[in-house]
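Notes to accompany the following structure.
So you know, we letter chains A, B, ... as the sequences are listed, proteins then strands, and number each from 1.
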Amino acid sequence: MSSEAPQERGSRKMIEERFGVKAFIGENELTELLKIVEQEGIELGNILVRGQPAPDWMSGTFKVQLERAADPVLSLIKLRYRCDVFPYGVPVINGVLVNFETAGQPGR
Amino acid sequence: MGPTGNSYRVLQIHPTRRCNLRCLHCYSSSGPEESSELGLTLLCNALTDASKEKYTVAGISGGEPLLYKPLRELLEHAHQCGMITTVTSNGMLLTERRLERLRGVVDLLAISLDGGPASHNRMRASERAFEMMAARLEGVRQSGIPFGFIFTLTQHNLHELDWVANFALEQGAKLLQIHPLEEVGRANTFLPGVRPDKIELAYAYLETQRIRSIVGDRLYVQLDLVNRKFLQAHPGHIFAGTSFSEEANSPLADIVSPLVIEADGTLVPLQHGFSRAYVFGNLHNASLRELALAWRWERYQSFRALCERVFEEVTVPADLPFANWYEVIARRAEHAPAG
């Protein structure tokens, strides 16, 4: 079996499949989007090593809450989070729906 | 505290490098040509010592753990030590007989899934890998063993994550874990340049959030990346920030997690293949307890110094805020002098 890997970025293929455009949000726009996310206090906590599954889910049920508001200037969705801590002490990151217009450079 | 969190201090065990596959990204370069395996007594003694050092999770990887003959006995012993047990498998060998042997002793079964069927087969170097794995999933559900999928993120496959998440939901998985490819083991030879760069990691973060919002509490989605600002506020999460003297009497699990047993009995911190400059030793020569005592005396200070240096590196403000901490510390460890 060939070990040759496809060359195109997965993110670019994702954008084309989802939005039907050949565009790419570059580093600058990504940075802006992520700043919005960061402002809302999203955290990535525990990280596992390769080959080790995360047993965190076993700590109990968890729920997802989200609300969003449009940001007309950036055509991005402003994200708000609340972080619920469950009885076992495992912090849960609330989900967010991210939907963004591709304001990047076509053809990259 | 450590990167795996307060609740889960992990002893990761590779009892064998024997595997029915020869995956392109295998970090332990496992395959059918490997035949040796660690003895059950050696591993059970290590589990006993590890539990006394407050490790709470025994994660069995490999190789293919299902090819390790005394797997059930190993998992039983981990349970007797009070540890949660996980098994990471390619899923192809999950026959009814094997599932029956795992029932009651596995708390989480993680099955590797590298994308849609074609991508999965390509990564597994097997034209039947997906078909055979998928055919076992009904049996897994029937067994009642909780299971999830581990997806290896590359530079080229983020667009398949949505499909993988849907597949995981349809199949009744409890967990979807996304781990960035690291160019180690066989990946170093067969997948150069395929590890996701910082842009792909940022997209992966956003896509993960999108998927989480859709799946809600039906599926736990784990992304093995860390946020630089989070680390800045929580240095203990990567073994930095506290004083060396404060940890002198701490259980080993407080100062090193994961702790990894490689398939030849070598004990290393954090991940398979970690720099030999920080090795504990070999379990064929001494017990885990003895190796840990010596390591604290001889190597812990330099390991902490390494963690502090890596903390400084990964918390430098950067436009894109994510880091694969394991990759960074592994690289630094290879170049840093021990002692």
remark   = Sorted by chain and residue number, the salt bridge (charged side-chain N to carboxylate O under 4.0 Å, His left out) partners of B/Glu262 (sequence neighbours excluded) come out as B/Arg276

ask   = Less than 4.5 Å apart, any side-chain heavy atom of A/Ile15 and any of B/His159?
value = no

B/His156 side chain near A/Arg9 side chain, heavy-atom distance below 4.5 Å = no

message = Given A/Met14, which partner from the list B/Leu161, B/Leu158, B/Asp162, B/Leu206 fulfils the side-chain contact (heavy atoms from CB on, under 4.5 Å) test?
response = B/Leu158

task = Sort out for me which of B/Thr152, B/Asn157, B/Asp197 touches chain A most, counting heavy-atom pairs under 4.5 Å.
result = B/Asp197

query = Where does B/Glu207 contact chain A at under 4.5 Å (heavy atoms): side chain, backbone, both or neither?
reply = side chain

